[in-house]
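I have placed the structure first, in the form of structure tokens, so that the comments after it can refer back to it.
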Amino acid sequence: MSEKRNILVLGTGGREHALVWKIAQSPLLGALYCAPGNGGTAALAETPTLDMADHEAVIAFCRDKAIDLVVIGPEAPLVAGLADDLSAAGIAAFGPGKIAAQLEGSKGYTKDMCAEADIPTAAYGRFDNAAEALAYLDTQSAPIVVKADGLAAGKGVIIAEDMQMARDAVADIFGGAFGDAGAELVVEEFMTGEEASFFVLCDGENALPLATAQDHKRVGDGDTGPNTGGMGAYSPASIMTPALIEETMQRIIEPTLATMAKRGAPYRGVLYAGLMLTPEGPKLVEYNARFGDPECQVLMMRLKSDIVPALQAAADGSVKGLVLDWHDDAAMTVVMAANGYPGAYENGTVIGGLDAVDAASMVFHAGTAQAEDGTITATGGRVLNVTARGKTVAQAQASAYAGVDAIDWPQGFCRRDIGYREIAREAGD
Ligand code: AMP
Ligand code: GLY
């Protein structure tokens, strides 16, 4: 692969800024576009106005700009079949097709796939009506987990402490609390253990392990308060030992790829396995059909190799034999969010001090916009991802929080304990 490639990245988050930042370093890059993009991607890529939901418009843009590869960041366009529509138009896409994206788009689909392939995961029942779901609950005991089947922006999972809460969750989901995502639901056994994220690059047949990470989903220090999209992450997660990675590849990832291929829906792109490391071994909590956000930010900080051949290999079916080099260093990202997130928050507040952040750190933008005079304002809940490397997670954490402290944004906040489990492990506690 020597000729220059024109690349379009789709999405608005910190994940997309990190991908754009990494792609922009590639010697193979021709022109780079990011749509809709944010206040950070604007400095590295052209940011045309483009509606990801309008597949014809995306295809027309790709033809007009001679785009060689489209990198689809978030899940919604994958589940809507954008990768299939691009492929049908002869445009290479990074990301799974519509059916393969059901691994994220439908929890029931994934559970049935796991049952078929004998993949370790929580025991479950899948229901499309309340009467059967409630009858099943009568045979179970708390704690128990009730999940809306479809995409619910991370909000469709209810960990029920008692059976009344579980019954209420069934009523809420079928009552329309999650819209179409709640047309079906899954009831799952509650698993105990530590969670880890594992990312694998897939080309439909072959899978290359990328890296491990750990996210922090609750809004407050010590994992308290409501769930969010993720308040910070580090990589690697040492709890995912080489032996556990091997076991996860053999018992979870490889059977998934084989089953999807057998179903005529080969999985291409990055497969993100949310794992529970239980006393019986790693079990699948959920799949996502994309890079994690904010996990992607730490992966991109650690990836030494050019990312463009990797993205291309997943799209082309040539992952086998691909070798990627990674920095041995750990990386951490701390999410700065608007006060009030994940509830109501103010938009349009001004962010200062970005120039004061040490050049060794990267501030990936999520919900930001850049005004014509260069002012950066907050336009979302999760706003900045202050990201740093270090010999240890503790050192990466010190650098990331030094970056946070240089930023002048009184209307924002962050967790102060990102990476605490790993730092305790490093300290031998
Ligand atoms: P999901 O969106 O399926 O990843 O679920 C969100 C979070 O809920 C997970 O990261 C876990 O912390 C928790 N969770 C989901 N399913 C289970 C389960 N079966 N047992 C325990 N915790 C779970
Ligand atoms: N950080 C969790 C996710 O991307 O789903």
Side-chain angles (χ1 to χ4, degrees), residues 11-16 18-19 73-76 78-79 101 103-111 114 119-126 140-161 166 169 173 178 181 185-199 212-219 223-235 237 270-280 282-300 333-335 337 342 364 366 381-382 385 415 418 421:
T12 57
R15 167 182 51 212
E16 286 75 24
L19 289 167
E75 59 277 18
L78 294 166
V79 171
L103 288 180
E104 174 160 8
S106 165
K107 296 191 187 292
Y109 180 94
T110 301
K111 298 299 287 188
C114 288
I119 290 170
T121 185
Y124 76 110
R126 181 183 188 183
Q140 304 294 311
S141 57
I144 191 150
V145 186
V146 182
K147 299 181 174 183
D149 183 72
L151 294 183
K155 299 189 180 72
V157 174
I158 298 99
I159 314 270
E161 313 282 345
I173 291 172
F178 302 100
L185 61 75
V186 166
V187 179
E188 265 184 33
E189 167 203 3
F190 178 78
M191 298 186 285
T192 52
E194 192 168 329
E195 285 181 71
S197 305
F198 180 49
F199 298 87
T212 58
Q214 206 168 39
D215 188 14
H216 298 66
K217 288 192 177 159
R218 302 294 194 99
V219 74
D223 296 323
T224 54
N227 261 329
T228 69
M231 293 300 292
Y234 67 87
S235 173
V270 65
L271 183 60
Y272 160 175
L275 302 171
M276 188 72 79
L277 305 179
T278 76
E280 302 95 60
K283 292 189 182 180
L284 185 71
V285 180
E286 63 161 356
Y287 272 134
N288 293 310
R290 50 174 174 80
F291 279 108
D293 187 347
E295 293 96 321
C296 184
Q297 290 80 314
V298 284
L299 262 56
M300 292 307 113
T333 190
V334 175
V335 172
F364 294 118
R382 292 191 297 169
N385 311 141
R415 274 181 65 161
I418 301 301
R421 287 192 193 82

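Both counts, for ligands and for their atoms, begin at 1 and track the order of listing. In this text, all values refer to a predicted model and were calculated from it rather than measured experimentally. Counting begins at 1 with the first residue of the sequence.
Using a 4.5 Å cut-off on side-chain heavy atoms (C-beta onward), Val145 and Val187 make no contact. Looking at Tyr272 and Val270, their side chains never come closer than 4.5 Å, going by heavy atoms from C-beta outward. Counting heavy atoms from C-beta on, the side chains of Phe190 and Ile144 never come closer than 4.5 Å. With a 4.5 Å cut-off on side-chain heavy atoms, Met300 and Leu19 count as touching. Using a 4.5 Å heavy-atom cutoff, the side chains of Glu295 and Asn288 are not in contact. Residues Arg15 and Phe291 form a side-chain contact, since some pair of their non-hydrogen atoms from C-beta on lies under 4.5 Å apart.
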| query | Checking side-chain hydrogen bond (donor to acceptor under 3.5 Å, both in side chains) for the pair Asp149/Ser106: CA distance, chi angles, key distance, verdict? | reply | CA-CA 5 Å; Asp149 183 72; Ser106 165; 2.9 Å; yes
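Against a heavy-atom cut-off of under 4.0 Å, Lys147 is close to the following atoms of ligand 1: 3 (O), 15 (C), 16 (N). Within ligand 1, the atoms closer than 4.0 Å to a non-hydrogen atom of Lys107 are 2 (O), 3 (O), numbered from 1 in the order shown. For ligand 1, the atoms lying closer than 4.0 Å to a non-hydrogen atom of Ile159 are 8 (O), 13 (C), 14 (N), 22 (N), 23 (C). When each atom of ligand 1 is checked for a heavy atom of Phe190 under 4.0 Å away, the hits are 20 (N), 21 (C). Each of the atoms 21 (C), 22 (N) of ligand 1 lies under 4.0 Å from some heavy atom of Met276.
For ligand 2, the 4.0 Å heavy-atom shell takes in Asp215, Gly229, Tyr272, Asn288, Arg290, Gly292, Asp293, Pro294, Glu295, ordered by chain and residue number.
Summarising the geometry, atom CD belonging to Glu75 is positioned 8.0 Å from atom CG belonging to Leu78; distances are rounded to the nearest 0.5 Å.
Using modelled atom types and a 3.5 Å distance limit, the side chains of Gln214 and Glu194 yield a donor-acceptor pair. Residues Ser197 and Asp215 have side chains that never bring a donor and an acceptor to within less than 3.5 angstrom of each other.
Given atom 1 (P) of ligand 1, the protein heavy atom at minimum distance is Glu286 OE1, 3.3 Å. Of the protein's non-hydrogen atoms, Met191 O, 3.3 Å is the one closest to atom 21 (C) of ligand 1. Here the heavy atom of the protein found nearest to atom 19 (N) of ligand 1 is Glu188 OE1, 2.7 Å. With hydrogens left out, the protein atom closest to atom 5 (O) of ligand 1 is Val157 CG2, 3.5 Å, a heavy atom.
The nearest non-hydrogen atom to atom 11 (C) of ligand 1, considering only Lys283, Glu195, Lys217, Lys155, comes from Glu195.
Distance check on atom 7 (C) of ligand 1: every protein heavy atom falls at or beyond the 4.0 Å cut-off.
With sequence neighbours left out, the salt bridge (Lys or Arg N to Asp or Glu O under 4.0 Å) criterion links Glu188 to Lys111, Lys147.
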